[in-house]
Amino acid sequence: MPELPEVETVRSGLAKWVVGRRIAAVQVLHPRPVRRHVAGPDDFAAALKGRVVEAARRRGKFLWLPLDGGDALLGHLGMSGQMLVSPAEHEPHRHLRVRFDFDDGGPQLHFVDQRMFGGLSISPGGAALPAEIAHIAPDPLEPAFDDEAFVAALRRKRTGVKRALLDQTLISGVGNIYADEALWRAGLHGERPADRLTRPAARRLLGHVRDVLTAAIVDGGTSFDALYVNVNGESGYFDVSLAAYGREGRPCRRCATPIRRESFANRSSFSCPKCQPKPRARIV
DNA sequence: AGTTGCCCCTGCGCGC
DNA sequence: TGCGCGCAGGGGCAAC
């Protein structure tokens, strides 16, 4: 579910509510979200007890909390993960998987995840950049992102431009919603061969990716339902600004043609049939 | 080596 | 009312 804007909204909430606090206890209520910690849930909890959270960082859709001593708590929300800051007296969420208590007795941190595609792990020495996510490309909102390197790499991809946008080793943070939104803004169908984009077209597409991600962060992300909320349980409202995703049959905001839905990699793609014409088959 | 497909999970809404 | 099916903001890994 969460893409870069949603994860960034969560990160800023963690920066505000969790950074600077010392973990007093960790309870793992379901082992699956901690599956990447090979030593097991008990070891995971023991290793975090007493550690101070020093920062809240993000690359693409990954989050990490640098801890005193140089390690980091690395997290990914998967399709349905949430980080909630919750007073201890509140009724726990049905899908609460991991609970963190702090030594100040203040609100707890709850990792909630219905589908459990997300997870938490400890990255040894991973405060600056966890080794586990070294294979992920920078995201387009961080200074390390190299626009021209991305444009060149995109134009070498022997695949459709949407698949390329979703390739986290090429550009991170873009998921199914914002890929469709950026392609709509660029007037490109997702099946357009990436290696046939002109350099200027690739640069324009990157600009649209950056613009839509930035606009969505301002709105606190996209919330279709209760599965995505910020650390205080509040929804984002970028959904009202979506132009393509989830708008099948509704008029294109540019030309009023009904938005089309096509199946794509076990999911869906939304686009305007007129503004984003399907490419002709590749002639080899 | 680069690209594609399958699988991991739970729950909800729809049609029969 | 009940059940089966399709679908959902992601990513790792095996197989071509």
Side-chain angles (χ1 to χ4, degrees), chain A residues 1-11 29-36 38 58-63 74-83 93-97 111-121 130-137 139 153-183 190-191 193-195 209 212-213 215-217 219-230 235-242 244-248 261-270 282 284:
Chain A
M1 138 240 257
E3 305 179 35
L4 187 153
E6 293 75 35
V7 179
E8 172 57 23
T9 302
V10 170
R11 187 209 62 77
L29 305 174
H30 196 297
R32 182 165 171 80
V34 156
R35 63 195 177 279
R36 309 281 297 189
V38 289
R58 181 189 57 73
R59 167 168 281 189
K61 305 171 196 172
F62 285 86
L63 283 168
L74 176 64
H76 194 285
L77 302 178
M79 289 285 270
S80 54
Q82 304 175 0
M83 300 273 195
H93 192 286
R94 178 182 178 191
H95 301 299
L96 175 61
R97 308 305 188 188
F111 181 71
V112 170
D113 192 358
Q114 177 194 106
R115 295 175 71 184
M116 296 185 291
F117 288 170
L120 302 173
S121 60
E132 294 83 351
I133 60 169
H135 64 294
I136 298 297
D139 68 61
L154 175 64
R155 298 177 69 243
R156 283 194 296 268
K157 285 284 179 184
R158 301 274 302 177
T159 189
V161 64
K162 178 165 176 177
R163 284 200 122 86
L165 286 179
L166 296 178
D167 180 349
Q168 305 295 300
T169 67
L170 186 65
I171 179 173
S172 69
V174 181
N176 206 32
I177 294 180
Y178 299 106
D180 278 3
E181 292 302 304
L183 289 166
E191 290 169 15
D195 61 358
V209 168
V212 74
L213 295 177
I217 290 171
D219 283 359
T222 299
S223 304
F224 296 123
D225 52 37
L227 283 189
Y228 168 69
V229 289
N230 69 13
S235 293
Y237 46 94
F238 191 73
D239 58 314
V240 301
S241 299
L242 295 176
Y245 190 87
R247 299 191 71 245
E248 182 183 17
R261 174 193 194 129
E262 296 170 292
S263 73
F264 167 83
N266 289 326
R267 294 203 182 80
S268 295
S269 286
F270 299 88
R282 174 190 286 266
V284 181

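Below, read A as the first sequence line, B as the second, and so on, with proteins coming before strands; counting in each chain starts at 1.
- By the side-chain contact (heavy atoms from CB on, under 4.5 Å) test, A:Arg11 pairs with A:Glu8, A:Ala15, A:Ala56, A:Arg58, A:Leu63, sequence neighbours left out.
- Counting to the nearest Å, the P atom of C:dG11 and the CG atom of A:Leu74 are 12 Å from each other.
- Rounded to an integer number of Å, the gap from A:Asn266 CG to C:dA8 P is 9 Å.
- Residue A:Phe224 is classed as a base contact, given a heavy-atom separation below 4.0 Å to a base.
- Taking the six-membered ring where tryptophan is involved, the planes of A:Tyr245 and A:Phe224 are essentially parallel, since the angle between them stays under 30° and well short of 60°.
- A:Phe238 comes within 4.0 angstrom of no nucleic acid atom, judged by non-hydrogen atoms across all strands.
- Among the protein residues, A:Arg35 comes within range of no part of the nucleic acid, since none of its heavy atoms lies under 4.0 Å from any strand.
- Using modelled atom types, one side-chain atom of A:Glu6 and one backbone atom of A:Thr222 make a donor-acceptor pair closer than 3.5 Å.
- Under a 3.5 Å cut-off, the side chain of A:Glu3 and the backbone N or O of A:Ile177 do form a donor-acceptor pair.
- Nucleotides of DNA chain B with any atom under 4.0 Å from a heavy atom of chain A span, from 5' to 3', B:dT3 to B:dG11.
- Nucleotides C:dG11 and B:dG11 place their P atoms 22 Å apart, quoted to the nearest Å.
- In summary, A:Asp180 and A:Lys162 engage in a salt bridge, as defined by a charged side-chain N under 4.0 Å from a carboxylate O.
- The shortest distance between side-chain heavy atoms of A:Ser241 and A:Asp219 falls below 4.5 Å.
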message: Let me check I have this right: for DNA chain B, each base becomes ., (, ), [, ] or |, based on Watson-Crick or G-U pairs with both distances under 3.5 Å. What is the full string?
response: .|||||||.|||||||
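- Between the P atoms of B:dC6 and C:dG6, the separation comes to 14 Å (whole Å).
- Atom CD of A:Glu3 and atom C1' of C:dG11 are 13 Å apart (whole Å).
- A donor-acceptor contact shorter than 3.5 Å is absent between the side chain of A:Asn230 and the backbone of A:Gly236.
- Residues A:Gln114 and A:Arg156 both approach DNA chain B. Their nearest nucleotides, taken by heavy-atom distance, put A:Arg156 toward the 5′ side.
- For the pair A:Met116 CE and C:dA8 P, the computed distance is 21 Å after rounding to whole Å.
- Atom CD in A:Glu132 sits roughly 12 Å away from atom P in C:dC13 (whole-Å rounding).
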query: Between A:Ser172 and A:Asp139, is a side-chain hydrogen bond (donor to acceptor under 3.5 Å, both in side chains) present by the stated rule, with each step listed?
result: CA-CA 5 Å; A:Ser172 69; A:Asp139 68 61; 4.6 Å; no
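- The separation between A:Asn176 atom CG and C:dG11 atom P is 11 Å, rounded to whole Å.
- As a whole-Å value, the separation of A:His135 NE2 from C:dG11 C1' is 8 Å.
- The 5' end of DNA chain C is approached more closely, in terms of each residue's nearest nucleotide, by A:Arg115 than by the other of A:Arg115 and A:Leu166.
- Rounding to the nearest 0.5 Å places CE of A:Met79 at 15.5 Å from OH of A:Tyr228.
- In this structure, the separation between CD on A:Gln114 and NE2 on A:His95 is 4.5 Å, given to the nearest 0.5 Å.
- Atom P of nucleotide C:dG12 and atom CZ of A:Arg36 are separated by 6 Å, given to the nearest angstrom.
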